[in-house]
Every structure is written in C-alpha cells, then in structure tokens.
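Here the structure comes first, spelled out in structure tokens, and everything after it is commentary.
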Amino acid sequence: MASRTSRDVLGRGLAVLGRAIREQPRIFAVAVAGSVLFGSMVIASAYVVGTVVGDVVVPAIARGSVGVGTLALAATALFGISVLRVAGIVGRRLGAGYMQYRLQAAYRRRVTRRYLELPLAWHHRNATGTLLSNANSDVEAAWYPIAPLPFAVGTLVMLVGAVASLFATDWALALVGLAVFPALFTLNVVYSRRMAPRQARAQRLRAEVSGIAHESFDGALVVKTMGREAQETRRFADRAGELRDALVSVGRLRGVFDPMLETLPSLGTLAVLVVGTFRLRQGAISVAELVSVAFLFTVLAFPVRAIGWVLAELPRSVAGWDRVRRVLDATGEMPYGDTALDPADPRPATLTFTDVCFGYEPAEAHLPGTEVLGEVTFTVPAGKTVALVGPTGAGKSTIASLAVRLVDPRSGTVALDGVDVRRLTAASLAGTAALVAQVPFIFDDTVRANITLDRPGIGDDDVWAALRLAEADGFVAALPEGLDTRVGERGTSLSGGQRQRLTLARALAGRPRLLVLDDATSAVDPRVEAAILAGLRSSAADASAPAASILVVAYRRATIALADEVIYLEQGRVVARGTHTDLLATVPGYADLVTAYEQAEVDRAQERPYDDEVTPPLASGLEIEVDR
C-alpha cells in the first residue's frame, strides 16, 4: 500500500510539473539551458583540473620549474570555465525563480477569480481560513518544486555526460560510477517515499492552523464576551503543536537522509581513488585521468541533491495542487447574460418576483437541503418603497440577496424592468441595483475611496450628495481630514451607525435605480433612520439626487410606516401584503411581531444609546451580526 501511494504521489507530482512546463515553456527552456551549461562546465572543469594537475603541476614538480605561458594558459582555461559556470547559475536561478513566481501569481489570480465566480452557497460551505490557505500557502506549495526542477533536469544531463566520460576514460572507474549513481537515486526515492505522508500532513495542518486563527480573530468579540480566551488559545496551541510536530518530523527525516546523501559521493570518491590507484599502477590510466574522475565525483555531490529536492517536495506539491484544484474545479458559478438595461435611463427600476423558490444546498451530499422560500411573488413598482417584514428565518435576507443576484432561485423569476436578472450583464446588474447589508464592510482607506471604489464618473460633488442623503455629511465634515480621513481596518475609527451610513452613501453614489436595504440602518438612531428613508423617498423629485425604488428589510414601526406597501413573510412565504395600517388591523401575527419589535426597540433605547454618533467603536476587527 505504501509503495502504491508513493508511486501515485510520484505520478501525480510529475503531472503537476508537466503542467508547469506546458504553461511556461520558454522560461523553463531558459532555466534548463542555464542548468545544462552549468553541468557541462562541471564536467569540463573536472577534466581541465585533471589536465592541469597531470600535465602542468606534476611535470613542474619533477623539473623544479614551470613556464609562465603554461600557467597563464591553465589559469585562462579555469577562469573561462568558471565564467561559463556562473552564467549557467544565473540563467538557471533567474529562469527557475521567474517561472515559480509567475506560476504562483497566475494561480493566485485564478483562485481569487474563481472565488468571485462561485455563488455564496459554495462560500458558506467552506471556511474562510481554508480559502485563504488555498490562495496563499497551497498555491505556493503546488509550485514549490519549480525552483529546483531546472537544476534537476540539468543534473540528469550532467550525470549522463559524466557516465559517458567515465566509460571513455576507463571501464573500471565507470563501474564505480554505475554503482554510486544508482545508489544515489535509490536513496532519493526512499527519501521521497518516507517524506510523502509527512509533507501531506504538514500541508493539511497549515490550512487548519490558518482556519483556526482566522476564526478566532474574526470572532474575537464572541471569544472575549463569553470568556473563551483560554479555550481558544488552547485550541490554537494544540493544532499549532501538531503542525510543529509534523514539521519536526520532516526536519528529523531530512536530518537522517541529508548526511547519507552527502556521504555517498564522498565514498564514491574514495572508491575511485582506491580503484584508480590500482589502475594507475597497471598503466591503464594517467595521473590526469585519475584526478579528473576523483574531482568529478567530488563536484557531483551538490548537483545530485537537486533531484532529491524535487522528489522531496513532490508530496507537498501534490497536496497543495489538490487543494487548489478543488477550488478551480468547483461547480455552481453563476454566468451572466448579454442583455444590458439602458445605462442612461434615470427612472427608478421595477423589481418583480414571480413564483420564486429557493433552498440552500446541504453542507454534505447525503443531507437534505434547507428550503427557504416557496412561491414568493411580489412587485416593487418604480419609485415606490416596499418593506419586508417577518420573524427570524422568514427569508427576508434571502429575498434581498436574490434581488441583486447574489444567489439564483431554484425556480421562478427575479426581474428588473421585466428582464430576468440572469440575462443581464454583470455591469448592467451592478449599475442598476445596489445592496446595503446590515453588517457594513469598510476598507482600510479614506472616506472618499470607500465611497467611490474607483468607479468612474463619481466626483466629490457626487460623494457629498450621497453623504447628505445618507445623513452622513455632518460627521464626515467633522473628521480631521474630511473625505481624506483614513478610517482604519473595517472602519474601526467609526461607530457602528457611522459605518452603516457610509456603506449606504457608497451605494447611493453609484446612482442605483433599485436600492435594497437589508436592515441596513439597525445601528442608527430611529430619528436618523426616518430622515434617511424620508430623504430617499423624496429624492425622485430632485433631479440632482439618485432616484431609486426601495426594497427594505425593516422591523421598526416608523420605518415600516414609510413604505408604500408591506410584504409580510412567514416561513418563506408571503402571508399578507398591504399598507402598514391595514396589516395591523387585519393580520394578528403581523401586529404581534411589530409590537414586539417596538417593545424591543424601547428596551434597547433605555439600556444603551445608539452608536451612530458618539459611542466609541468596537475594538479592531470586532463585529456584531444580528440573526434575522
């Protein structure tokens, strides 16, 4: 079984290297050419040294003098070979390094692009730490053997040349070489077999350590408030200890085999001297030939190691490539269509849901999926505001995600201005609809950069207009550098309500024709929220302001009352629709829910103020997400 596993790793590893060569053939050819040049000069240097010793040094000792011309010629020959060896080393290292880093950069881009193509459902099934490891350490591991690969290929050429040179010199010395070189290969193969499971385990543990670290940091608020610091530290320490032990095991194996790989060529040199001395006495070879062969065995020790480096890194490469390929081969991407809505149309868009059903895929294939929405039908008319109200788990956030096509329905149609969103181009969809989530994400950049996102056509006047509509112009103007103020990682220099209003301004700056607010003002004072929604409703009458239809996930009575229509959801289905007043009078479940929301709002206001103005922000990286 171990033998089959080793052969499998070797075969798959060579396939990965073959892929690398096919993708970068010219660079690989340059690197191999440099390696072959180096190897050729190693063989040449052995015979030049032998010639210098046998034909220059020994006669000079016998005569007691040496000619200056002879010394100059010998020095020139050695210097010329050294220059060519240096050229070979430079070509080999530059080519191998450029090839390795080029492949790593290319596959990081491919993995990241694939992440963006895959639906949210796929991301929900994969831990963020694992995805970070895929794009970083796994990509690095997959192409790690590229660095010694050209050296190893050049070494193979050099070994063939060395064996041919040995046979051309003397059959007895060639037999010594035939005994030593296979022994080196055998030792490298045994080394690779022993190393394979250790490297694979170490690579897996790297991803697990990364995952635990990311999870602990991302959930730092929960860890600290629940008093789990010691447990999380111990959990991380246990897995980090396993990684340490795995890497120590790798190092221990290298510590055993490295001396053996170093010693074997030295034993070969000793064998050459013993056999060579005997052959020299027989007159079969000359002093120059003996010195050349002995020197050749001495300088072959290091290049032969390159083959061992490649074989030793193949298990790690295979483990990394398998994890990278899992991302690249993942299915479920959401291809865009080729239909574009008129980008110059200033009118609010109409959003239509027709018999929409949606369910989340199970985390494991043998488990049943989760049904979220069933035959949901409603319309957000152009220029109107529609509120989604319902208990936790009713499907409100799922509807918001469907509206901007973060996910696709299992059946039914979601349409903008009568066009199925699956037929729209990515640019048209992004330019028409914008989602503002409850948990805001702020980049570690300036206020201006966070709002414009480098989108063309958004100047400072547009930024300030969006900030005013989001009721954020006041606190931004009071910042030390205004729009040029850096807000820190995830906007940690701002309060929760300020971050929410910045993300709202970001969406408004793009002048969307449909604005989807997924409880996007939950951290904002109710009076400020009412002013924001009132401003959004009246913006259609102002030609200088963004005009949009609004779909809002809401729970505050004041917010719901501003809507032209309320959609009441229970268990993923539309139970009732109408005005807020009508539903209060006719739907007991709706009335009870809104009353409970209102009482919770009163209790919250009594316990602590809203953090949209002066409340100090949370510590770096800490976020609160309310389950809806």
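Values below: every heavy atom of this structure, side chains too, minus hydrogens, waters and symmetry copies. On a predicted model such as this, the values are computed, not experimentally measured, just so you know.
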Keeping Arg499 on the side-chain end and Ile442 on the backbone end, is there a donor-acceptor pair under 3.5 Å? no
Tell me if the centroids of the rings in Trp321 and Tyr144 come within less than 6.0 Å of each other. no
Does anything in residues 452-465 pair up under salt bridge (Lys or Arg N to Asp or Glu O under 4.0 Å), and if so which pairs, sequence neighbours excluded? Arg448-Asp460
In terms of side-chain heavy atoms, does Glu23 have a donor or acceptor partner in Tyr107 at a distance below 3.5 Å? yes
Return the CG to CG distance between Leu435 and Leu517, rounded to the nearest 0.5 Å. 8.5 Å
Taking Ile458's backbone N and O only, do any of them form a donor-acceptor pair with Thr452's side chain (distance below 3.5 Å, no angle check)? no
Counting only heavy atoms not in Phe441, do more than 12 sit closer than 6.0 Å to its CZ atom? yes
Can the positive tip of Arg405 be found less than 6.0 Å from the middle of the six-membered ring of Tyr336, inside 45° of the ring normal? yes
Given Ile21, which partner from the list Ile27, Leu149, Val153 fulfils the side chain to side chain contact (heavy atoms under 4.5 Å, CB included) test? Leu149
Going by an N to O cut-off under 4.0 Å, is there a salt bridge joining Arg235 and Asp238? no
Flag, side chain of Thr485 to backbone of Gly482, donor-acceptor distance under 3.5 Å: yes
Rounded to the nearest 0.5 Å, the CG atom of Asp338 sits from the OG1 atom of Thr425 at a distance of 8.5 Å
From CG (Leu247) to CG (Leu243), nearest 0.5 Å: 4.5 Å
Give me the ring orientation class for Phe38 and Phe151: parallel if the planes are under 30° apart, tilted from 30 to 60°, perpendicular past 60°. perpendicular
For residues Ile451 and Ala505, report the shortest heavy-atom separation together with the two atoms involved. CG2-O, 3.9 Å
How far apart are the C-alpha atoms of Thr446 and Asp484, what are their side-chain angles, what is the distance that settles it, and do they pass the side chain to side chain donor-acceptor pair (under 3.5 Å) test? CA-CA 5 Å; Thr446 64; Asp484 294 316; 5.3 Å; no
Closest heavy-atom pair, Thr155 versus Ser35, reported as atoms and distance to 0.1 Å, is N-OG, 4.2 Å
Surrounding OH of Tyr115 (heavy atoms of other residues, nucleotides or ligands, distance under 6.0 Å), is the total greater than 12? yes
May I ask you to check whether over 12 heavy atoms, not counting those of Asp329, lie within 6.0 Å of atom CG? yes
